[in-house]
Amino acid sequence: MNMKKWLLTGACVSMLSVFAACSGDSENEDQNPVTPSDDPSLSSGEEQNPTSEATSATSDAGTKSEAASSSSRDIYSSAMTDTDAPQMACSEIMFNASDNSDLEWVEVYIAGGMDMAAMTDFDMHLSGAVDFTFPSEPLKKGEYIVVTNDLAEFKNAYPSFAGRVFQWDAEGKLINEGDVVNVKIAGEGDVSCAFSNEPPWPSLANGKGHSLVFKGGNAAQSVAWCASKTKGGNPGVGGDECVEASNTVRINEVMPNAAGADPWIELYNSGDTDVDVTGWTVFVKRRDEKLTVASGVVPAKGYLVLDAKTSFDNELVVSDQGGEIYLNGPAEGQESSIWMSAGQYSSGVRDLADGSVAQGPMTTPTPGAVNSAFKIGSVYISEIHYHPKDSDPINFEFMKIVNNTDAPVTLFNANLKKGWKIEGIGKTFDAKDVIPAKSTMILLPDSLRAVSSQLLNGLKIDISVTPVSFYEGKLSNRGETIAIKEPYAVETLNMANEKIFYTWHDATLYSDCWPSVKQTDGYGFSLHREDITTMGYEEAAWKEAAPSLGN
């Protein structure tokens with residue numbers, strides 16, 4: 001087929017424990033379309049939060065080993081030589097210092113490769129949650145530089161700080177709910193560094209004075225981060241220690257007060273020694289309620305189910321509206337947490353083959369046993385074109401979602417007056433967004449809205465059959481959590497604030513480091529869904545193939 005190009009102008013989530021850059025192309029910051037060719041023929045054909053992160057190719061609960069201390073990681077990779085292109089990294093993030101401080105900052109450094117004679121030579125800048133372009137100054141390995149929201153407040157908080165500190169662009173903010181800071185350079189050495197105040201991220205870094213410290217692995221996942229041992233963090237130093245709280249016990253599954261079922265919490269111990277959790281506490285944030293475990297021992301490599309009525313000093317109430325639940329031992333930082341999906345089913349965790357851990361609704365409750373698969377909803381993600389090839393006809397990002405039911409799905413809850421959302425691309429639907437039965441919806445970046453009529457005509461897309469909607473965010477070229485969520489309940493906190501609780505339909509934590517789908521990372525291919533029996537977290541749920549748009 002003769003395919004004319006639609007021209008748009010506009011390194012993976014690095015596995016920093018070995019500092020291997022996975023991406024071969026730098027990320028386009030913007031996608032600004034120009035008028036397409038008059039020959040419109042193109043190829044045609046068919047998640048806040050809180051879902052990441054541990055280990056095991058078997059992907060079952062009960063295989064996570066105790067996380068390593070940050071002190072065990074390399075400062076930079078000995079496998080990279082001084083003539084290799086630089087590989088960037090984040091080493092520390094302060095996103096929510098304390099209740100009486102608005103100070104925020106990010107510490108970055110060269111993880112491996114060559115020094116920079118001038119940061120401008122590599123177009124070094126921050127994007128994502130905040131924007132900043134670094135000046136024409138040198139940067140050498142072993143030096144940690146800081147970018148903050150307030151230079152005066154930073155210097156007041158850290159009077160002995162002797163390094164270089166810069167102030168990011170006005171209006172930038174590390175929102176407490178979570179986001180991603182991209183440290184970008186020309187070439188392959190980019191890194192995307194995530195943070196969040198939601199489970200399973202450490203709560204000590206959420207308004208309790210501690211920073212997030214990178215301890216190795218995939219910087220987009222919570223298992224790569226810990227709370228700093230030093231309150232206030234230690235900017236400009238690097239190699240900071242984590243709160244040292246040995247913990248092999250985690251919340252593995254939770255059953256809410258659902259129809260026909262009594263609530264319970266299942267704990268799993270990944271260690272080789274039994275753990276007595278008598279006196280440990282469970283905090284249900286939804287109710288602002290802390291309960292104490294009356295007695296119980298979690299056997300090594302085994303489970304303990306805590307009954308809501310008999311296992312605590314007071315009866316445990318777990319709402320079907322979902323929310324955060326924390327388990328805390330006697331030592332500071334001895335914590336496990338889970339974000340429950342709203343609905344009438346249990347929520348649990350599963351270890352993924354790439355070292356991350358996913359959370360979500362379970363197909364079947366399994367108290368005292370290995371968790372079932374994640375429950376997939378009525379709408380799932382079918383394709384993700386996250387890193388287009390500039391020279392290809394379809395050189396723009398897009399997503400596709402599918403209604404897998406025999407009736408139309410309106411992506412709006414009329415009773416709650418709230419739209420469904422897709423976490424990760426900043427998309428919230430409205431009442432006009434409807435997917436016909438057994439049909440596909442195409443999601444395009446908002447930058448294409450101005451030429452959408454030409455684009456849709458060129459692709460021969462009939463929007464009555466294949467509806468199209470637009471999103472304001474951007475798919476990361478490195479990888480991120482993308483989740484389809486439906487409003488389930490709304491809690492009004494005060495006149496100005498409300499909290500929405502969501503049922504999860506589908507999610508993925510895609511990565512440009514997935515070895516079997518490498519051509520989706522800037523080589524012209526997209527991720528295509530293979531397995532729709534469960535949520536799409538695992539690499540095995542996807543294949544690489546040419547991007548498919550149109551009827």
Side-chain angles (χ1 to χ4, degrees), residues 47-54 56 58-64 178 194 196 198-201 220-223 250-256 258 261 263-266 268 286 318-326 336-367 369-381 384 401 404 420-424 479-489 500-511 529 531-542:
E47 46 158 301
Q48 154 102 183
N49 204 292
T51 48
S52 28
E53 299 55 46
S56 163
T58 59
S59 69
D60 272 328
T63 58
K64 180 179 179 182
S196 177
E198 298 175 342
W201 294 78
Q221 299 171 355
S222 69
V223 292
R250 75 178 182 194
I251 299 176
N252 204 52
E253 190 175 4
V254 181
M255 187 71 200
W264 44 262
I265 293 179
E266 176 194 74
Y268 175 75
R286 175 75 174 79
V318 183
S319 172
D320 65 349
Q321 294 180 5
E324 307 100 309
I325 297 181
Y326 294 84
S336 173
S337 59
I338 188 171
W339 181 284
M340 291 186 60
S341 169
Q344 299 286 305
Y345 29 72
S346 66
S347 290
V349 301
R350 287 179 63 88
D351 298 315
L352 305 182
D354 66 356
S356 61
V357 174
Q359 301 187 0
M362 311 309 297
T363 302
T364 305
T366 57
V370 172
N371 286 349
S372 67
F374 288 120
K375 177 180 174 61
I376 192 168
S378 56
V379 178
Y380 67 88
I381 304 163
I384 305 174
I401 59 176
N404 199 33
W420 292 37
K421 73 174 183 178
I422 299 186
E423 182 179 288
E480 63 183 320
T481 298
I482 303 293
I484 302 175
K485 299 185 176 184
E486 176 187 4
Y488 184 86
I500 307 172
F501 297 89
Y502 292 90
T503 295
W504 301 355
H505 281 256
D506 191 23
T508 181
L509 180 58
Y510 74 87
S511 171
R529 190 67 167 269
D531 180 6
I532 59 170
T533 63
T534 184
M535 289 189 177
Y537 283 113
E538 288 282 18
E539 177 185 354
W542 302 88

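All values derive from a computational prediction rather than experimental measurement. Heavy-atom basis, side chains included; hydrogens, waters and symmetry copies ignored.
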key: side chain to side chain donor-acceptor pair (under 3.5 Å) partners of T364, counting only residues at least two apart   = none
ask   = Roughly how far, to the nearest 0.5 Å, is the OG atom of S336 from the CD1 atom of I265?
value = 10.0 Å
ask   = F374 and G360: which non-hydrogen atoms are nearest, and at how many Å?
value = CE2-N, 3.3 Å
query = In Å and rounded to the nearest 0.5 Å, what is the CE to CE distance from M255 to M362?
reply = 12.0 Å
task = Starting at NE2 of H505, measure out to CG of N404 and round the result to the nearest 0.5 Å.
result = 12.0 Å
remark   = Value for CD1 (I381) from CD1 (I484), rounded to nearest 0.5 Å, stands at 4.5 Å
message = Going by salt bridge (Lys or Arg N to Asp or Glu O under 4.0 Å), name the residues that satisfy it together with E324, two or more places apart in sequence or in a different chain.
response = K285, K499
request  = Please tell me if the side chains of I376 and T533 come closer than 4.5 Å, counting only heavy atoms from C-beta onward.
outcome  = no
task = Please name all residues satisfying side chain to side chain contact (heavy atoms under 4.5 Å, CB included) with P487, sequence neighbours left out, ordered by chain then number.
result = N413, L416, K418, W420, I500, Y502
key: Value rounded to 0.5 Å, distance of CH2 in W542 from OG1 in T508   = 5.5 Å
Listed partners of A373 passing side chain to side chain contact (heavy atoms under 4.5 Å, CB included), at least two apart = T363, T534
inquiry  = To check you understand the geometry: which heavy-atom pair defines the closest contact between S337 and P199, and what is its length?
reply    = OG-CB, 3.3 Å
ask   = Can you name the nearest heavy-atom pair linking L509 to Q221, along with the distance?
value = CD2-NE2, 3.7 Å
key: Closest approach of G479 to A220 (non-hydrogen atoms, all atoms of both residues)   = O-CB, 4.3 Å
Distance (rounded to the nearest 0.5 Å) between D506 CG and I401 CD1 = 10.0 Å
ask   = Taking S347 for the side chain and S341 for the main chain, is one N or O donor matched with an acceptor at less than 3.5 Å?
value = yes
remark   = Contacts of E253 meeting side chain to side chain donor-acceptor pair (under 3.5 Å) (sequence neighbours excluded), chain-then-number -> S346, T366
key: Counterpart residues, side chain to side chain donor-acceptor pair (under 3.5 Å), relative to Y488 (two or more places apart)   = D320, Q344
ask   = Does a side-chain heavy-atom distance below 4.5 Å link Y537 with R350?
value = no
note = Taking every heavy atom of Q359 against every heavy atom of P200, the minimum-distance pair comes out as NE2-CB, 3.5 Å
request  = For R286, check side chain to side chain donor-acceptor pair (under 3.5 Å) against everything at least two apart and list the hits.
outcome  = Q321, E491
Least distance between heavy atoms, P365 atom then W264 atom = CB-CZ2, 4.0 Å
query = Between M340 and P256, is any pair of side-chain heavy atoms under 4.5 Å apart?
reply = yes
